[in-house]
Number of protein chains: 2
Amino acid sequence: MAVTPEAKSPAPAAPKARGRRGTRASGDDRERAILETAERLLEERPLAEISVDDLAKGAGISRPTFYFYFPSKDAVVLTIIDRLVADAAEGREEILTALAEQGPRAGLRASLENLYAAFRSRPGVVRAGSDLRPTNEEARGLWSAVMEGWVADVTAVIEFERSRGAAPPGPPAREMAIALVQMNERAQYATLLGEEPSIDRDRVLDLLIEIWLRAIYGEAEPG
Amino acid sequence: MAVTPEAKSPAPAAPKARGRRGTRASGDDRERAILETAERLLEERPLAEISVDDLAKGAGISRPTFYFYFPSKDAVVLTIIDRLVADAAEGREEILTALAEQGPRAGLRASLENLYAAFRSRPGVVRAGSDLRPTNEEARGLWSAVMEGWVADVTAVIEFERSRGAAPPGPPAREMAIALVQMNERAQYATLLGEEPSIDRDRVLDLLIEIWLRAIYGEAEPG
DNA sequence: GAACTCTATCAACACTGTGTCGAGAAGTTC
DNA sequence: GAACTTCTCGACACAGTGTTGATAGAGTTC
């Protein structure tokens, strides 16, 4: 399999016109007001405790009018998440490049630090996305695509490091990548939302990186 | 810190009388019928698509009568999950003992295999528990307690292996334990429910164990 | 400037689901 | 057979979602 530093996640979200049907109009203000209200409320309380009426009121319109702009509450949240994911993808450093320039530990750190910065600033939105998955197929698909992108990147890293002899052989690279990415997802989420148990906020990244390094570059014959 | 092979998770769930108020009566049948209906339906479709009426109908009673036996749909699911968790805890082998008797790889494998067997047989219930967490405080607390138990066990293992010189020093044992347990939770869940991406069903355990071993027993100085 | 069109708005409605109340049936105890 | 407890459900009140249809205004078009 070809391993090139150009390997990159696909853009995670198709611009699927989740918002208003028509196009330009001063009602753009309303649409923005709804999105802003949702973002604000999500940092205050969980999605399940926010009604369409809350969003409408917050945007200064009636409930039926809300449905002129968005087909459902879920659609609003999905729009917000699309943007968050796009932000995260944009600010992101190419992981293979970072590794080559800064070495494994520093490269990984820079790459992941960058990636999680976007999420860290909007925990309410992250939680909403997570809450949405059980009931919303589109939310599952979106997250699935995001994960596939990261997994592809990490798979490429592992294969590259093995091919140049820096990492020893081991389980299939893609499997390892999946497990490591899933670990990060879960641990970062728990930390971000202050679950119990969770890892300390300013320790979590170093800890995860240490495990990644041991998993990728280490060989363990325990006794 | 004392590290003894006796270290064990606390019993995860207090018997909090989640079901009927009173006690013995032939209405025990009804209660059982409700629980069985719920278990059956949960293997068919997600929790969000099951109504109180579905449970009542399935148990041959009216909706108001359902409320004589359980205060809510959530209470039914929590009862089922309590039992599942208890099953998992019961069939479980003491991890430190298994390690001492079978060595790290085989001991870990036996221990985890045993633990996940209970979950693997009822994926619908596992999903329901996961779906419940966003909206139900008690579900969060229950899972939190379960995780703490596992984390305590794994922390003890790591500290023991380090103290006897089998594992090298590294990040705080508890932090490592949290990350590893969270990785297992996430990866096993994804595999069990066939998420995309996820690790192959009959590969997941070996893969996770390999990462655990590398994380616990390995040292990585990558270059 | 009258007719026409497109955006935007909302009161009123229909529907689904939750949880409660109060009246009573059915069984048990003395 | 009276009193008590267990169990049952029709009818209600409520909260939330999404739809319909009527209408107001802004912007062409001729």
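Every chain is numbered from 1 and lettered A, B, ... according to where its sequence line falls, protein lines coming before strand lines. Predicted, not measured: the structure shown is a model, and the values here were computed from it.
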>> With a 4.0 Å cut-off on N to O distance, would you call B:Arg127 and B:Glu43 a salt bridge?
In response: no
>> Which nucleotide wins on minimum distance to the side chain of A:Ser72, given the candidates C:dT18, D:dG18, D:dC9?
In response: D:dG18
>> Under a 3.5 Å cutoff, is there a donor and acceptor pairing between the side chains of A:Trp212 and A:Asn184?
In response: yes
>> What residues from residues 49-56 of chain B pass a heavy-atom cutoff of under 4.0 Å to DNA chain C?
In response: B:Ser51, B:Val52
>> Taking B:Glu113 first and then B:Arg120, would you say they form a salt bridge - that is, a charged N and a carboxylate O separated by under 4.0 Å?
In response: yes
> Can you check the A:Phe70 CZ to D:dT17 C1' distance for me, whole Å?
Replying inline: 17 Å
>> Looking only at the side chain of B:Thr65 (C-beta and beyond, no hydrogens), which of the listed nucleotides C:dC10, D:dC9, C:dT9 gets closest?
In response: D:dC9
>> From CZ of B:Phe66 over to C1' of D:dT6, roughly how many Å is that when rounded to an integer?
In response: 18 Å
> Are A:Arg186 and A:Glu195 ion-paired here, with the side-chain N under 4.0 Å from a carboxylate O?
Replying inline: yes
> Ion pair present between A:Arg40 and A:Asp54, side-chain N to carboxylate O less than 4.0 angstrom?
Replying inline: no
>> Listing request: all side chain to side chain donor-acceptor pair (under 3.5 Å) pairs with a residue in residues 202-211 of chain B, at least two apart in sequence or in separate chains.
In response: A:Glu175-B:Arg203, B:Arg105-B:Glu210, B:Arg109-B:Asp206, B:Glu210-B:Arg214
> Whole Å only: how far is the CG atom of B:Asp28 from the P atom of D:dT6?
Replying inline: 12 Å
>> Without decimals, in angstroms, what is the distance between B:Asp74 CG and C:dG19 C1'?
In response: 13 Å
> Does a salt bridge link A:Asp53 with A:Lys57, judged by any charged N lying under 4.0 Å from a carboxylate O?
Replying inline: yes
> For B:Ile34 and D:dC7, what is the distance between atoms CD1 and P respectively, to the nearest whole Å?
Replying inline: 12 Å
> Could you give the CG-to-C1' distance, from A:Leu47 to D:dG16, as a whole number of Å?
Replying inline: 14 Å
>> If the threshold is 4.0 Å, N to carboxylate O, is there a salt bridge linking B:Asp28 and B:Arg32?
In response: no
> Is A:Tyr69 near enough to C:dT7 that one of its side-chain N or O atoms lies under 4.0 angstrom from OP1 or OP2?
Replying inline: no
> Whole Å only: how far is the CD1 atom of A:Ile61 from the P atom of C:dA8?
Replying inline: 11 Å
> Taking NZ from A:Lys57 and C1' from D:dA15, how many angstroms apart are they, rounded to a whole number?
Replying inline: 13 Å
>> Counting primed atoms plus P, OP1 and OP2 as sugar-phosphate and everything else as base, spell out the protein contacts along nucleotides 19-28 of chain D at 4.0 Å heavy-atom distance: B, S or - for each nucleotide, 5' to 3'.
In response: B---------
> Would you say the side-chain atoms of B:Thr191 pair up with the backbone N or O of B:Ser198, donor to acceptor, closer than 3.5 Å?
Replying inline: no
